Amino acid sequence: TELLRSWAVVYTGNFVGALIMAGLVFAAGMYGVNGGSLGLRELAIANAKVNIPFTEALFRGILCNWLVCLAVWIATSSTDTIGKIFACFFPIMAFVASSFEHSVANMFFIPIGILVEGVPVITSKTSLDLANLTWGGFVAGNLIPVTIGNVVGGVLFVAALYWYSYLKK
């Protein structure tokens with residue numbers, strides 16, 4: 001129960017922090033940078049994420065957190081700062097380059113897209129179908145499957161395998 005409580009606190013804190021950051025970035029008018037190209041990119045990223053089929057989002061979440069947890073695990077075994085940086089850099093770079101899905105990252109990317117969707121000068125420049133770019137689309141279409149996948153990736157493919165390999169008697 002302590003683990004679940006800890007997860008709930010961390011998840012909620014990350015969600016609140018991501019929403020605050022999205023709100024600040026939006027309030028700063030960053031969507032208008034370079035003639036609105038940043039806003040168009042934010043829309044495209046968020047829209048692509050809410051349109052990933054459930055099963056694909058689930059498996060992208062598994063693959064993502066497998067790499068993220070490995071990065072943390074390897075970094076803890078390093079004794080110097082540069083080793084910790086490299087331990088984190090390569091697995092994280094691999095998950096980003098592979099378009100895997102992380103629930104906490106998406107807690108920022110999708111809400112900023114939802115906020116930008118409300119800016120007519122930006123949405124008038126796109127031909128994207130933004131029908132799923134809603135709070136419901138975010139939660140049901142991305143956050144739930146990706147979170148489940150992240151938990152499976154971290155628990156099953158990192159923690160359980162390391163437990164089995166090194167601690168099981």
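Values below: every heavy atom of this structure, side chains too, minus hydrogens, waters and symmetry copies. Predicted, not measured: the structure shown is a model, and the values here were computed from it.
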- prompt: Is there side-chain contact between S78 and D80, with at least one heavy-atom pair below 4.5 Å?
  reply: yes

query: Are side-chain heavy atoms of V139 and I144 found at a separation under 4.5 Å?
result: yes

task: State yes or no: do L156 and F95 share one hydrophobic cluster built from I, L, V, M, F, W and Y residues joined by side-chain heavy-atom distances below 4.5 Å, directly or via other members?
output: yes

Any S103 side-chain heavy atom under 4.5 Å of L143 side chain: yes

- prompt: Any side-chain donor paired with an acceptor under 3.5 Å for K49 and N106?
  reply: yes

query: Is there a chain of hydrophobic side chains (I, L, V, M, F, W, Y, each step under 4.5 Å between heavy atoms) that links V152 to W73?
result: yes

query: Should the heavy atoms of other residues, nucleotides or ligands under 6.0 Å from CZ of F86 be counted, would the total exceed 12?
result: no

- request: Answer yes or no: is there a side-chain heavy-atom contact under 4.5 Å between V116 and Y31?
  value: yes

- prompt: Taking atom CE of M21 as the centre, does the number of heavy atoms from other residues, nucleotides or ligands within less than 6.0 Å exceed 12?
  reply: no

- request: Report, as yes or no, whether the 6.0 Å neighbourhood of atom CZ on F108 holds more than 12 heavy atoms from other residues, nucleotides or ligands.
  value: yes

message: For Y11 and T147: C-alpha separation, side-chain torsions, deciding distance, then whether side chain to side chain donor-acceptor pair (under 3.5 Å) applies.
response: CA-CA 10 Å; Y11 192 83; T147 298; 2.8 Å; yes

query: C88 and I92: which non-hydrogen atoms are nearest, and at how many Å?
result: O-CG1, 3.0 Å

field: Connected via hydrophobic side-chain network under 4.5 Å: F26 and V33
entry: yes

Parallel, tilted or perpendicular: rings of F138 and F15 (30°, 60°): tilted

Residue pair V158 / W66, side-chain heavy-atom distance below 4.5 Å: yes

message: Do L58 and V146 make a side-chain contact, defined as non-hydrogen atoms from C-beta onward lying under 4.5 Å apart?
response: no

message: If you define the side chain from C-beta out and look only at heavy atoms, does anything of C64 sit under 4.5 Å from N150?
response: yes

- request: Test side chain to side chain contact (heavy atoms under 4.5 Å, CB included) on F54 and N142 and set out the steps.
  value: CA-CA 7 Å; F54 189 96; N142 186 278; over 6 Å; no

- request: Check whether any side-chain heavy atom of L19 lies under 4.5 Å from a side-chain heavy atom of M107, and answer yes or no.
  value: no

